[in-house]
Amino acid sequence: METQTPKPRRRKWLLILLAVLLVLAVAVPLIVLAVSKAFTAQESVVRSDWQIDAGKEVASNEELQIEYAEADLGDEGMRALYLVPMDIDEEGFTFYDTEVQQRLSGALEELKTVTTWTADNPLAVVSPYGTSSNGLYLYFTTDMPTKVQYTVHVDDPDIPDFTAIAADASGQRFGRTHEFQLIGLVPGEVNEVTLTIAGSWGNLRQTVHFTVEMPGTESGYNTRLETTDGSSEEELSDGLFTMMRVNGYLGYGFMYDNAGVMRYEMVLEGFGLDRILSADNDIITCVSSTKIARINGLGQVEQVYDLDGYELHHDIGFGQDGELLALAEHADGETVEDVVLSIDLESGAVTELLDFTQVMDGYFAMTRPVSATDPFFWQAGEWDWIHLNSLQYMAEDDSLIVSSRETSTIIKVKGIHTAPEVDWLAGDERFWADTPCADLCLTQEGDFVPQYGQHCVEFLQNGEEDGVYYLLLYNNNYWSLNSRDGLELEVADTVGTDLYGDGSETSQVYVYKIDENARTFALTQSFDVPYSSIVSNGTPYGEYGHWVVNSGVSMVFGEYDSAGNLIREYAYECTMQNYRTFKYDYQGFWFA
């Protein structure tokens, strides 16, 4: 049979097809990398649009450069105002600026003098300081010293009433002047509010009713989460679940009640919350990748700590008296997520306290930047050699315990304010076998699988003697190494090695006993939780020893009883992950 040669036209299309495939082979990884870089870059984006959807202007203060606009809270809703800075559309404007906050405070003070405000006719302003979308500021006076309790009711059987005693800005439980932020108004709903005003002996002085038709969330995030009850019959603890750094919705913080109903939407400059610290009835938290703020219960920003030249990553916590510690990185540095900052809470001065490239210089010299062929390829080009994701200060010996995701190790550094040096390492000892840190490893005591890729390591309690204490952590149970060659670590079958898993993996909440005298660590409690290869936390909460656990990649958080049995789980939406969810009672801040 005679063989036919391909026709020129067929050969031409074959060459075109091969060329297209070659272009795709080169372009697809670059496209994936570009998309991934854009995804991680969103953490450093700063909000540029602060526009308030207010009604018509009713008055203004030219000296303070503030407009007073009427809020649309429904045809029969209470009368309330918005305070709108006249420079809100200017480039660089932010509510996280103490000069702006002082102007807003001045505008409120002016409004207080307009008339005698009473409980029947209070001064009402929607989020006067711009740090939330659904907080309602109230100011009024009463003839006798009283306290104010409020109940928010929505005409929906799936939304329970929300009742709280207001924490007055004065800090007093009973007073004649009342100034507070009413929390619990459900976005997108008609909220019926009842104020119950009682005297110090419990006698009812006055009851006031009004409605507030609250606009929808500014972020567009869901106001209700899907809930699933677990096997535990224990009651949920009081408090608000606080979702932190929800990817796809960065620049906001969301607070949900036990029914999974949003009760507060916090508006940030960017990035997201890492955790909320309490300080004299104020809170301290991250508000962008380069700023930390101190905020009072009215939503007023009292102080801003600007981390010029650094970017925040993963955690903040108290250090010595008057000191805040923060995990960060140099904004233009060669390496990432390996610096600890010290911030003076009074002066705002920022000092670089620890640079782990120096603290662990011998190991650092063995590492390299992430490559496009590593499991975390989206970080290609970044030198993420240690990836610190939580910190815990130990005042007894001026030490710091940090969690290193990249090395799957808990690290203690002692003498952090004098002569810092690594005290011990806790994790899989095989990881450190051929490194300068090999002799620093605590010995594993007992037969258990050590943690891998862990997050949120915290002090739980002291032990039976000095040098013995307990740490808790979220064991992601995920093994991945992206910054070092030549180490092939064979892990147990129960340890995940896939970012999303195949459905068989679980993560765990671990409690370790650290014995510095014997140089050992042991597992004293653990329970399984939904799998999350990265991010996440498991934290004790409340008087009954419950646990609040967020599994970020599985997109669920839940409350568990002290034995690790699920009470209720909440499912949420996000892009890939939500970093953490804590529960706080906000006592003294919003609630008395």
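Reckoned from all heavy atoms, side chains included, excluding hydrogens, waters and symmetry mates. Not measured: the values here are computed from a predicted model.
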What are the two closest heavy atoms between [X] and [Y], and how far apart are they?
{"X": "P420", "Y": "L354", "result": "CB-CD2, 3.5 Å"}
{"X": "Q451", "Y": "A426", "result": "NE2-O, 3.0 Å"}
{"X": "I411", "Y": "S404", "result": "CD1-CB, 3.9 Å"}
{"X": "S551", "Y": "V529", "result": "OG-CG2, 4.1 Å"}
{"X": "C286", "Y": "L273", "result": "O-CD2, 3.6 Å"}
{"X": "V370", "Y": "F376", "result": "CG1-O, 3.3 Å"}

Are [X] and [Y] linked by a side-chain donor-acceptor pair shorter than 3.5 Å?
{"X": "N550", "Y": "Y572", "answer": "yes"}
{"X": "E311", "Y": "S44", "answer": "no"}
{"X": "S483", "Y": "T367", "answer": "no"}
{"X": "S342", "Y": "D344", "answer": "no"}

Under 6.0 Å from the [atom1] atom of [X], do we count more than 12 heavy atoms belonging to anything else shown?
{"X": "Q320", "atom1": "CD", "answer": "yes"}
{"X": "Q51", "atom1": "CD", "answer": "yes"}
{"X": "E91", "atom1": "CD", "answer": "no"}
{"X": "D53", "atom1": "CG", "answer": "no"}

> Is there a side-chain contact between S127 and N134, using heavy atoms and a 4.5 Å cut-off?
Replying inline: no

In plain terms, say whether [X] and [Y] are close enough for a salt bridge, that is, a side-chain N and a carboxylate O under 4.0 Å apart.
{"X": "D315", "Y": "R580", "answer": "yes"}
{"X": "E421", "Y": "K412", "answer": "no"}
{"X": "D87", "Y": "R103", "answer": "yes"}
{"X": "D274", "Y": "R245", "answer": "yes"}

> Do Q508 and T506 pass the side-chain hydrogen bond (donor to acceptor under 3.5 Å, both in side chains) test, and can you show the C-alpha distance, the side-chain angles, and the key distance before you say yes or no?
Replying inline: CA-CA 7 Å; Q508 293 85 30; T506 61; 3.1 Å; yes

>> Less than 6.0 angstrom separating the ring centers of W385 and F364, yes or no?
In response: yes

> Taking the six-membered ring for Trp, are Y478 and Y452 ring centroids under 6.0 Å apart?
Replying inline: no

>> side-chain hydrogen bond (donor to acceptor under 3.5 Å, both in side chains), that's the test. Do Q379 and D384 meet it? Break it down for me.
In response: CA-CA 8 Å; Q379 289 187 279; D384 193 10; 2.9 Å; yes

All ring pair (Phe, Tyr, Trp, His ring centres under 6.0 Å) counterparts of [X], not counting sequence neighbours:
{"X": "Y570", "answer": "F241, F557"}
{"X": "H387", "answer": "H314"}
{"X": "Y584", "answer": "F582, Y586"}

>> Show, in sequence, the C-alpha distance, side-chain angles and deciding distance for W590 and F180, and conclude whether the ring pair (Phe, Tyr, Trp, His ring centres under 6.0 Å) test is met.
In response: CA-CA 8 Å; W590 285 330; F180 60 91; over 10 Å; no

> When you look at W50 and F95, which way does the ring pair (Phe, Tyr, Trp, His ring centres under 6.0 Å) test go after all the steps?
Replying inline: CA-CA 8 Å; W50 292 94; F95 279 108; 5.4 Å; yes

> Using the ring of each side chain (for Trp, its six-membered ring), is Y363 parallel, tilted or perpendicular to F431, with breaks at 30° and 60°?
Replying inline: tilted

>> Taking the six-membered ring of Y252 as reference, does the cationic atom of R47 (NZ for Lys, CZ for Arg) lie under 6.0 Å from its centre and within 45° of its axis?
In response: yes

